Visitor: 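Handing you a structure now.
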Amino acid sequence: MKINNRAKVFLVCGILILIATIVIFSIANENGMSSYKWLSLTFMLCVEAILFGGLILIEMLAKKSEQIIVRAGNGVVLIIYFIVSFAISLAFLCMQNTTIFLIIQIILFVTLVTLEIVLVVAGKSIYNNNKNVLEAVSTVNEMINSLSAINVSEEYKNQIEKIKNDLKYSDVSTVVPVDNDILENILSLENEFAKSETANDSIESIISNIDMLIKKRKMQVKNTKAGGL
């Protein structure tokens with residue numbers, strides 16, 4: 001998975017802040033570190049690593065997820081977790097109650113992981129749904145445009161218009177396997193009309209087949225949507 005420039009900036013900033021935190025603690029505690037201070041420093045470094053590591057991961061996932069949810073949702077959750085956990089780590093230096101400190105940090109971390117997973121899954125789901133809709137719209141438009149491009153004789157114009165309207169007002173929430181069959185039949189219909197001498201029964205058969213496939217498409221779309229709930 002390729003790292004973009006924004007992710008590289010987060011990586012550099014994260015490293016600098018981690019180093020700065022260690023240096024500041026070293027200067028402030030040049031006479032030695034107690035166990036409480038070591039524990040507080042450890043969690044501060046972990047929180048900083050989680051924040052910037054999470055931001056880098058968001059950049060890597062955003063291309064294949066709904067960016068509003070992944071960037072805004074996951075980013076806000078990460079920042080809130082960072083602020084609260086970092087503040088608690090600082091407060092621990094005065095509080096010095098290891099049990100309460102660890103319980104709060106565990107609760108915060110579990111909450112963070114849960115929310116991040118939910119938001120990532122939701123973002124990917126919305127992204128895939130939107131992608132399916134765009135593909136379905138493109139496929140149906142291709143069908144309609146192909147039908148419109150056929151030089152149809154007068155006696156079949158009403159039937160072709162009916163097919164076009166059925167496609168135009170069909171459910172385009174997802175692509176289904178029968179779409180390819182419809183496109184193939186439309187191509188066959190185009191070839192039949194292109195012949196100088198065309199048998200009526202052949203055209204009628206293809207039109208009837210397309211009509212049947214459109215009905216089949218409705219069922220497949222309905223079943224696909226029901227299976228996705």
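Remember, predicted model here, so these are calculated numbers, not experimental data.
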Visitor: Side chain of Ser138, backbone of Leu134: donor and acceptor closer than 3.5 Å?
Guide: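 No, Ser138 side chain to Leu134 backbone: no donor-acceptor pair under 3.5 Å.
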Visitor: Check Asn180, Ile182, Asp179 against Leu213 for a side chain to side chain contact (heavy atoms under 4.5 Å, CB included) and give me the one that passes.
Guide: Ile182
Visitor: How long is the span from the CG atom in Leu41 to the OG1 atom in Thr21, to the nearest 0.5 Å?
Guide: 7.5 Å
Visitor: For the residue pair Glu116 and Tyr81, establish whether any side-chain heavy-atom pair is separated by less than 4.5 Å.
Guide: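 No - every pair of side-chain heavy atoms lies 4.5 Å or more apart.
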Visitor: So if you build clusters from Ile, Leu, Val, Met, Phe, Trp, Tyr with side-chain heavy-atom gaps below 4.5 Å, do Ile83 and Ile24 land together?
Guide: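 Unlinked, Ile83 and Ile24 end up in two clusters.
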Visitor: Check for me, please, whether Leu16 and Ile79 land in the same ILVMFWY cluster - side-chain distances under 4.5 Å, paths through other members count.
Guide: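 They do not share one cluster, since no chain of ILVMFWY contacts under 4.5 Å joins Leu16 to Ile79.
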Visitor: Report yes if some heavy atom in the side chain of Leu108 is under 4.5 Å from a heavy atom in the side chain of Ile88; otherwise report no.
Guide: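 Leu108 vs Ile88: side chains touch.
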Visitor: Measure the CD1-CG distance between Ile50 and Leu45 for me, rounded to the nearest 0.5 Å.
Guide: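 With rounding to 0.5 Å, CD1 (Ile50) is 11.0 Å from CG (Leu45).
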Visitor: Testing the basics here: between Ser89 and Ser40, what is the closest heavy-atom pair and its distance to 0.1 Å?
Guide: O-OG, 2.7 Å
Visitor: Can you list the steps and then say if Tyr127 with Asn130 is a side chain to side chain contact (heavy atoms under 4.5 Å, CB included)?
Guide: CA-CA 5 Å; Tyr127 173 83; Asn130 290 343; 5.9 Å; no
Visitor: Taking atom CD1 of Ile17 and atom CE of Met44, what is their separation to the nearest 0.5 Å?
Guide: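 CE of Met44 is found 13.5 Å from CD1 of Ile17.
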Visitor: Begin from the C-alpha positions of Asp211 and Lys162 and carry the test salt bridge (Lys or Arg N to Asp or Glu O under 4.0 Å) through to its verdict.
Guide: CA-CA 9 Å; Asp211 190 54; Lys162 179 182 177 301; 3.5 Å; yes
Visitor: Which heavy atom of Leu147 sits nearest a heavy atom of Ile163, and at what distance?
Guide: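 Closest approach of Leu147 to Ile163: CD1-CG2, 3.6 Å.
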Visitor: Determine whether Val178 and Asp181 make a side-chain contact, defined as any pair of heavy atoms from C-beta on separated by less than 4.5 Å.
Guide: yes
Visitor: What distance do Asn191 atom CG and Ile186 atom CD1 have between them, rounded to the nearest 0.5 Å?
Guide: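 That separation rounds to 12.0 Å.
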Visitor: Is it the case that the side chains of Ser170 and Lys218 hold a donor-acceptor pair, with the cut-off being a distance below 3.5 Å and no angle test?
Guide: no
Visitor: For the atom pair CD (Gln105) and OG1 (Thr42), what is the distance rounded to the nearest 0.5 Å?
Guide: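 So the gap between those two atoms works out to 11.0 Å.
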Visitor: Using the side chain to side chain contact (heavy atoms under 4.5 Å, CB included) rule, pick out the option among Ile210, Leu189, Ile150 that qualifies with Ile160.
Guide: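 Result for side chain to side chain contact (heavy atoms under 4.5 Å, CB included) with Ile160: Leu189.
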Visitor: With under 30° as parallel and over 60° as perpendicular, where do the rings of Phe10 and Phe52 fit, or are they tilted in between?
Guide: tilted
Visitor: With a 3.5 Å cut-off and no angle check, do the side chains of Glu190 and Ser146 form a donor-acceptor pair?
Guide: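 Checked: Glu190/Ser146 side chains show no N/O donor-acceptor pair below 3.5 Å.
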Visitor: Determine, using ring centers only, whether Phe193 and Tyr156 are less than 6.0 Å apart.
Guide: yes
Visitor: Flag yes if Phe82 and Ile19 sit in one hydrophobic cluster, no otherwise; membership is Ile, Leu, Val, Met, Phe, Trp, Tyr, and two members link when side-chain heavy atoms are under 4.5 Å apart.
Guide: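 As far as the 4.5 Å side-chain criterion goes, Ile19 and Phe82 are connected within one cluster.
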Visitor: Return the CD1 to CG distance between Ile144 and Asp166, rounded to the nearest 0.5 Å.
Guide: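 So the CD1 of Ile144 and the CG of Asp166 are separated by 10.0 Å.
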Visitor: Tell me whether Leu183 is reachable from Val140 by hopping between hydrophobic residues (I, L, V, M, F, W, Y) whose side-chain heavy atoms are closer than 4.5 Å.
Guide: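 Yes: a chain of side-chain contacts under 4.5 Å links Val140 to Leu183.
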Visitor: Under a 3.5 Å distance rule, please check whether Asn209 uses its side chain to pair with a backbone N or O of Ser205 as donor and acceptor.
Guide: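 Checking the backbone N and O of Ser205 against the side chain of Asn209, no donor-acceptor pair under 3.5 Å is found.
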Visitor: Measure the shortest side-chain to side-chain distance between Met143 and Lys164 over non-hydrogen atoms and say whether it is less than 4.5 angstrom.
Guide: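 Not in contact.
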Visitor: Determine whether the side chains of Gln220 and Thr174 contain a donor N or O and an acceptor N or O closer than 3.5 Å.
Guide: no
Visitor: Do the side chain of Arg217 and the main chain of Leu167 share a donor and acceptor less than 3.5 angstrom apart?
Guide: no
Visitor: Take atom CZ in Phe86; do more than 12 heavy atoms of anything else shown fall under 6.0 Å from it?
Guide: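 Counting neighbours around CZ of Phe86, more than 12 heavy atoms of other residues, nucleotides or ligands fall under 6.0 Å, so yes.
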Visitor: Are Val118 and Leu57 linked, directly or through other ILVMFWY residues, by side chains that come within less than 4.5 angstrom of each other?
Guide: no
Visitor: Answer yes or no: is there a donor N or O on one side and an acceptor on the other, between the side chain of Thr114 and the main chain of Val110, under 3.5 Å?
Guide: yes
Visitor: Specify the closest pair of heavy atoms between Val221 and Ser173, including all atoms of both residues, with the distance to one decimal.
Guide: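 Closest approach of Val221 to Ser173: CG1-OG, 3.8 Å.
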